[in-house]
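Inspection log for the structure reproduced underneath, given as structure tokens.
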Amino acid sequence: MDIQGERRRLLDAEGDEESPGELRSEQDAYLDKVKNGKLYLTAFVTVLGPMSFGFVLGYSSPAIPELSQISDSRLRLDGAQASWFGSIVTVGAAVGGLLGGWMVEKIGRKLSLMFCALPFVFGFTVIVAAQNVWMLYLGRALTGLASGVTSLVVPLYISEMAHERVRGTIGSCVQLMVVLGIMGAYVGGFFLDWRWLAICSSIPPTVMMVCMCFMPETPRFLLSQGKRREAEEALRFLRGPDAPVEWEVARMEDSSDGQGAKFQAADLKDPGVYKPLCIGVMLMLFQQLTGINAIMFYAETIFEQAHFKDSDLATVIVALAQVVFTGVAALVMDKAGRKVLLIISGVAMAISTAVFGVYFHLTTKHHGNASVSFLASDPEWSQEVHVDLAWLAVASMGVFITGFALGWGPIPWLIMSEIFPINVRGFASAACVLTNWGIAFIITKTFQDMMELLTSAGTFWLFSGMCALNVVFTIAFVPETKGKTLEQIEASFRGTSAP
């Protein structure tokens, strides 16, 4: 069968209004006929998962102070228990990443997304019904498990259903909804106690699970299962009635020719597999080594130094800044490109963390202890620090949060969903998610030891060095995926031409 001729016939059959002499690609001619309304609807339902994930991350901030002072001794958290209450989510998420990688291959993207709503709801239910600290841990671990599955499945689902003109914008909404969920938890903490906040946090995953019943499975997964007719129906739902979806299906089928149906260890010798896998894992590693958790750890104290006495309001301000600039990133993602934004983001974070190091060096050089403990409980510390330096810390944090939200926050997850061949997508995505959450847990639990060993200034200068390295890595190895189909991205790693 003449595939190229069939493609042109399919497009021409829809009535090409362009003049014969105008140079336009088949891809542009096809996309001009696409209607995005139902695609956006599907994306909105899907990103309720990341919003749920954001509520999980943000929940500990208002809940821990309450649980640390609660009258019921069975639920009261001491310092070590509060640390585990916050960090056990990352352990559950690492396990969830592995589970999600298996699920997306076995039961598909849609059912995996619906399934991950269950541990969200069950986890928050266990927290609400908690009678002791171990039930709190169990609830947090379950919501962490769901967060790990979500962080793998949602970017994958979006990348496989969205076309290249809007894939960057929709894909960036994953991180946007995460930070929106975090801010929602912070704001909810103003008005609700920890039990009612847990109840409200279970609403987004419940709505997502119900609405996903009416959304399609991804066309690429359906094709991998030999379900061509169902793939066409899914595309017709996503692309609208005017688009000749048979053309897109034929393109997907061409790309999948010659690939094994399932991942095998021998596939790791294929440059189309090991190159994107290395890039994906390194992006996740560098994302956690930027120092984002350290900055958020210091946020309340930094605002206090700048005379923001209401620390709860300070956390909301930080979250709002993340929402705003992640939204900006989503708007410009398909115009500026992933690589440019990663470089700008890395430079901004390298400069701001270096300045943070200077700030801590200047404010601790007259003190014998420059570790994290100086922030913990010394009531005289803020009086001893030169007040004029407070602006330096606030400005550095503002630049850092802006830089992270524009690039290294959303883009590693977006690129992870774009660069892997379909037969290894589950395995490779699981490796990336495991790396991200595993490193997050290690940094969270060892951060205070790092501060003791390297001092505050030294730790932030280390983060600055990591940010500089991620800029070099981005320039040297990260491909630009803006405006390319998933098949074109895959072909570029293999050094072949895309269908």
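Heavy-atom basis, side chains included; hydrogens, waters and symmetry copies ignored.
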Between the side chain of R109 and the main-chain N/O of Y157, is any donor-acceptor distance below 3.5 Å?
no

Can you name the residues that form a salt bridge (Lys or Arg N to Asp or Glu O under 4.0 Å) with R425, not counting sequence neighbours?
E160

Can you tell me if F325 has over 12 outside heavy atoms packed within less than 6.0 Å of its CZ?
no

Nearest 0.5 angstrom please: L57 CG to S52 OG, how far?
11.0 Å

For the side chain to side chain contact (heavy atoms under 4.5 Å, CB included) test, which of I279, V478, L283 pairs with P412?
L283

Return the minimal non-hydrogen interatomic distance between G280 and C432, and the atom names on each side.
C-SG, 3.5 Å

When you look at OH of Y137, are more than 12 heavy atoms from neighbouring residues, nucleotides or ligands closer to it than 6.0 Å?
yes

Does R167 use its side chain to pair, donor to acceptor, with the backbone of K482 at less than 3.5 Å?
no

Minimum heavy-atom distance S492-I489, with the two atoms named:
OG-O, 2.5 Å

Which residue pairs pass the ring-ring contact (aromatic ring centres under 6.0 Å, His included) test when at least one of the two sits in residues 467-486, sequence neighbours left out?
F286-F473, F473-F477

Taking S464 for the side chain and F460 for the main chain, is one N or O donor matched with an acceptor at less than 3.5 Å?
no

Can L462 and M450 be said to form a side-chain contact (heavy atoms from CB on, under 4.5 Å), step by step?
CA-CA 10 Å; L462 175 63; M450 288 176 60; 4.0 Å; yes

Would you name the heavy atoms of L414 and S172 that are closest together and state the gap between them?
CD2-OG, 4.3 Å

Apply side-chain contact (heavy atoms from CB on, under 4.5 Å) to residues K339 and I411 and explain how you reach the verdict.
CA-CA 9 Å; K339 191 165 183 172; I411 294 178; over 6 Å; no

Would you sort out whether F120 and M209 count as a side-chain contact (heavy atoms from CB on, under 4.5 Å), showing the intermediate values?
CA-CA 11 Å; F120 272 128; M209 183 170 61; over 6 Å; no

Is there side-chain contact between F404 and I401, with heavy atoms separated by less than 4.5 Å?
no

In short, L152 meets G426 closest at the heavy-atom pair CD1-O, 4.4 Å

Closest non-hydrogen atoms of I107 and S112, given as atom of the first, atom of the second and distance, are CG1-OG, 3.6 Å

Take L192 and C200, measure what side-chain contact (heavy atoms from CB on, under 4.5 Å) needs, and give me the verdict at the end.
CA-CA 9 Å; L192 304 170; C200 292; 3.7 Å; yes

Nearest heavy-atom contact between M208 and C116 is CE-SG, 4.1 Å

Looking only at atom types and distance, does a side-chain atom of S159 sit under 3.5 Å from a main-chain N or O of L156, one as donor and one as acceptor?
yes

First locate atom CG of L142, then atom CD1 of I88, and finally report the distance between them rounded to the nearest 0.5 Å.
9.5 Å

Is it true that a side-chain atom of T169 and a backbone atom of A330 form a donor plus acceptor pair closer than 3.5 Å?
yes

Spatial distance of atom CD1 (I64) from atom CD (Q81) [nearest 0.5 Å]
11.0 Å

Distance, nearest 0.5 Å, that separates CE of M51 from CG of L176
8.5 Å

Working to the nearest 0.5 angstrom, can you tell me the gap between L406 CG and T326 OG1?
7.5 Å

Does any non-hydrogen side-chain atom of V174 lie less than 4.5 Å from one of P410?
no

Indicate yes or no: at least one non-hydrogen side-chain atom of R140 is less than 4.5 angstrom from one of W84.
no

Kindly say whether S87 contributes a backbone atom to a donor-acceptor pair with the side chain of T90 at under 3.5 angstrom?
yes

Donor-acceptor check, side chain of R195 to backbone of A130, threshold 3.5 angstrom: yes or no?
yes

Between W408 and F463, is the gap from one ring center to the other below 6.0 Å?
no

Could you check whether any side-chain heavy atom of T206 comes within less than 4.5 Å of a side-chain heavy atom of F124, counting everything from C-beta outward?
no

Spacing of CE belonging to M397 relative to CZ belonging to F356, to within rounding of 0.5 Å
6.0 Å

Could you work out, with salt bridge (Lys or Arg N to Asp or Glu O under 4.0 Å) as the rule, every residue matching R74, not counting sequence neighbours?
D72

Is F420 close to F493 at the side-chain level, that is, under 4.5 Å between some pair of heavy atoms?
no

Would a 4.5 Å heavy-atom cut-off, applied to side chains only, mark L454 and W461 as touching?
no

Between the side chain of R76 and the main-chain N/O of I70, is any donor-acceptor distance below 3.5 Å?
yes

Any side-chain heavy atom of W194 within less than 4.5 Å of one from L197?
no

Are V47 and I170 close enough that some pair of their side-chain heavy atoms sits under 4.5 Å apart?
no

Between the main-chain N or O of L486 and the side-chain N or O of E418, is there a donor-acceptor pair closer than 3.5 Å?
no

Between Q288 and I439, is there a donor-acceptor pair closer than 3.5 Å when you use the side chain of the first and the backbone of the second?
no

